[in-house]
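Chain A is the first sequence line, chain B the second, and so forth, proteins listed ahead of strands; every chain is numbered from 1.
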Protein chains: 2
Amino acid sequence: MTRSYNSLGQFLDKVRRRSVLTAEEQSAILSLPVRAEQIPAHMDFVELGEHVDHACLIVHGLAGRFGQGREGNRQITALHIPGDMADLHSVVSPSATSALQALTTTTVVKIPHGAIRDIAARYPSIAQALWRECVIDAAILSEWVVNVGRRTASVRLAHLYCEMAYRYRLGEVTERMSFDFPATQHHLADMLGLTAVHVNRTLRVLEAADLVRLKRGVVEILSWARLIEYADFDPVYIQLNVTPLAPMRAG
Amino acid sequence: MTRSYNSLGQFLDKVRRRSVLTAEEQSAILSLPVRAEQIPAHMDFVELGEHVDHACLIVHGLAGRFGQGREGNRQITALHIPGDMADLHSVVSPSATSALQALTTTTVVKIPHGAIRDIAARYPSIAQALWRECVIDAAILSEWVVNVGRRTASVRLAHLYCEMAYRYRLGEVTERMSFDFPATQHHLADMLGLTAVHVNRTLRVLEAADLVRLKRGVVEILSWARLIEYADFDPVYIQLNVTPLAPMRAG
DNA sequence: CGATGGCTTGAGAGGCTTCAATGCCGGTGG
DNA sequence: CCACCGGCATTGAAGCCTCTCAAGCCATCG
């Protein structure tokens, strides 16, 4: 079968690393109706409290989920890269409890909840697979709590770079590699619970230790082995190199 | 129907505030096989990396989900009170990426994954409802990232008290109330990304402001209105006072 | 009654923030 | 084509919030 490598294919590839799906189930996912949309940088494409009727799959660019405190101090709680369904959770919880914003120019594809709920109801294995994706997003969130709560600024930043490298590479890392990561230092600060100024200084610490090098939106990792050691990083929580979970079937 | 108010009944009550279920679906949940177990304080009942085959419903006591950094600095990423399914996520992601520990003597009820997956496969609405519970747990996690990342110690602690009061009361709060919350100051520190010493001093700040009063494991809130104002707390993310989500049916 | 675990308090150090100014680069309009 | 402008990055200095270390206290429990 030649599968047109559309935006959904990218999503399906990731899902299949985690859940077993039959050919029929896979094609049900690939047949989901999509509507592409281009979002300019800094624009919310899901607003706080909004009642959404579609899920957003990131095709290109970078999106963040924003929580916020009273006095405008924003905190990014999750990051979504191409292939991620940024708000899959909205399928079962349609009123947005946090905003979704494009960090750079981003193209997303919108998929109606109705269509997703339809195939989830028809194929229990699909429901399980999507549920599982949400649970893995939660595991990442949980790691972010640890990161922000219990690590120093430089380790925190190193850990974030590890996670993003691992996710961009779908778990296929090499000792030396680089990846596009177009977040500003201010964005990094909002992910790490720091200030932009301190992120800047912290960046310099990592560079001085010859762990990473940065230029205009691309992160170059000089030694994966030393970086994960420094960052206290263990990729199991991202579940990209795992034996896919067998489907559930009605007994 | 006289429903025996067992441990599952407590769980079902909470689920029904969020999802519509038919009588048949409800009784399928209530008929889940359970096995009660008593866990002494400070004991892990799910270990890191363990491959579990059952989910744990908290019946009595208090449990925490622990993440940890390299040098033993632990961070509590989630708290589970009676009525919570502490690791419902394990149904679709059986290898534990974080440990579960009883903070006080806790009785849990273990429910085999097989039984849950069975009713989830048979009743798509149940799958959706359980999926939704996981998503709401993730929303709470997301709020914890904001809390730890972007709030000062005293606001952070106040916010935690708000969340726990709201959850213990299932969203039925009153201006003045108290609730049992048997976490030590060291536990609080691990939830908030602080040290026990600083938690102690911070407690004193909240007491001095006449917001809460504490004695031996019970939190007394002196003014809910002033506390949520101080804590920057908005309970929507907990989704306890929400119109339950309609079920999904195969089209 | 000594041991234990949790709470309390003090003093000093340090990591991160705040405020503020400067530099850099790409985009835009005259 | 160049000058200007705005967003982002960089750097310095001072201060505060929180940590660390350390000691003392109080209840509970064998």
Side-chain angles (χ1 to χ4, degrees), chain A residues 40-43 62 64 69 71-76 101-105 147-160 180-209 212-219, chain B residues 40-43 62 64 69 71-76 101-105 147-160 180-209 212-219:
Chain A
H42 305 115
M43 179 180 235
L62 185 63
E71 320 119 19
N73 41 3
R74 310 194 100 191
Q75 168 75 38
I76 299 180
Q101 180 179 312
L103 301 191
T104 63
T105 306
N147 207 32
V148 172
R150 281 286 179 238
R151 291 197 254 255
T152 63
S154 57
V155 177
R156 216 181 281 187
L157 180 55
H159 194 279
L160 177 70
D180 231 64
F181 188 46
T184 66
Q185 294 184 4
H186 192 86
H187 288 144
L188 290 171
D190 285 344
M191 295 169 206
L192 300 171
L194 298 170
T195 58
V197 171
H198 200 62
V199 165
N200 186 309
R201 299 195 229 263
T202 301
L203 242 22
R204 204 112 322 126
V205 172
L206 297 188
E207 289 186 333
V212 298
R213 191 156 316 165
L214 290 131
K215 38 179 162 358
R216 48 188 79 271
V218 7
V219 178
Chain B
H42 305 116
M43 179 181 236
L62 186 63
E71 322 118 18
N73 42 3
R74 310 194 100 192
Q75 168 76 39
I76 299 180
Q101 180 179 315
L103 301 192
T104 64
T105 306
N147 207 33
V148 172
R150 281 286 180 240
R151 291 198 254 254
T152 63
S154 57
V155 176
R156 219 182 279 188
L157 180 55
H159 195 279
L160 178 70
D180 231 63
F181 188 47
T184 66
Q185 293 183 6
H186 192 88
H187 287 143
L188 290 172
D190 285 343
M191 295 168 206
L192 299 171
L194 298 169
T195 58
V197 172
H198 200 62
V199 165
N200 185 309
R201 299 197 229 262
T202 302
L203 242 22
R204 204 112 321 126
V205 172
L206 296 188
E207 290 186 331
V212 298
R213 191 157 316 163
L214 289 132
K215 37 178 163 358
R216 49 187 77 270
V218 7
V219 179

Exercise for review: Under 4.0 Å between any heavy atoms, over every strand shown, what does B:G217 touch: base, sugar-phosphate, or nothing? Just pick one.
Suggested key: nothing
Check your understanding: Base, sugar-phosphate, or nothing: which does A:L203 touch, judged by heavy atoms less than 4.0 Å apart?
Key -> nothing
Does [Y] offer a backbone N or O that forms a donor-acceptor pair with the side chain of [X] under 3.5 Å?
X	Y	value
B:R216	B:P182	no
B:H159	B:R156	no
B:E207	B:V212	no
B:R150	A:L194	yes

With 3.5 Å as the limit, what N/O pairs link the protein to nucleotides 3-7 of chain C?
from  : atom 1 : to     : atom 2 : distance (Å)
C:dC7 : OP2    : B:Q185 : N      : 3.0

Can you tell me how far apart [atom1] ([X]) and [atom2] ([Y]) are? Round to the nearest 0.5 Å.
X	Y	atom1	atom2	result
B:L188	B:H198	CG	NE2	13.0 Å
B:R201	B:T195	CZ	OG1	7.5 Å
A:T105	A:L62	OG1	CG	11.0 Å
B:L203	B:L214	CG	CG	5.0 Å
B:R151	B:L192	CZ	CG	11.0 Å

Quick check: closest heavy atoms across [X] and [Y], and the distance to 0.1 Å?
X	Y	result
B:A189	B:A196	CB-N, 3.5 Å
A:A183	A:M191	CB-CE, 3.8 Å
B:A41	B:L103	CB-O, 3.8 Å
B:A102	B:P40	CB-O, 3.6 Å

Polar atom pairs (N or O), protein with nucleotides 23-27 of chain C, under 3.5 Å:
none

Exercise for review: Can you sort out which residues in residues 150-157 of chain B have a heavy atom within less than 4.0 Å of DNA chain C? Ascending by number, please.
Suggested key: none
Anything under 3.5 Å between a protein N or O and an N or O of nucleotides 11-13 of chain C, put it in a table, one pair a line.
from   : atom 1 : to     : atom 2 : distance (Å)
C:dA11 : N6     : B:R201 : NH2    : 3.0

Exercise for review: Sort out for me which residue in A:H187, A:R74, A:H42 forms a side chain to side chain donor-acceptor pair (under 3.5 Å) with A:Q101.
Suggested key: A:R74
**Study point:** chain A footprint on DNA chain D, 5' to 3' - any atom under 4.0 Å from a heavy atom
**Key:** D:dC8 to D:dA13
**Study point:** d(NE2, B:H198; C1', C:dT9) in whole Å
**Key:** 14 Å
Exercise for review: Would you mind reading off the bend of the helix from C:dC1-D:dG30 to C:dG30-D:dC1 from its two end axes, five pairs each, to 10 degrees?
Suggested key: 30°
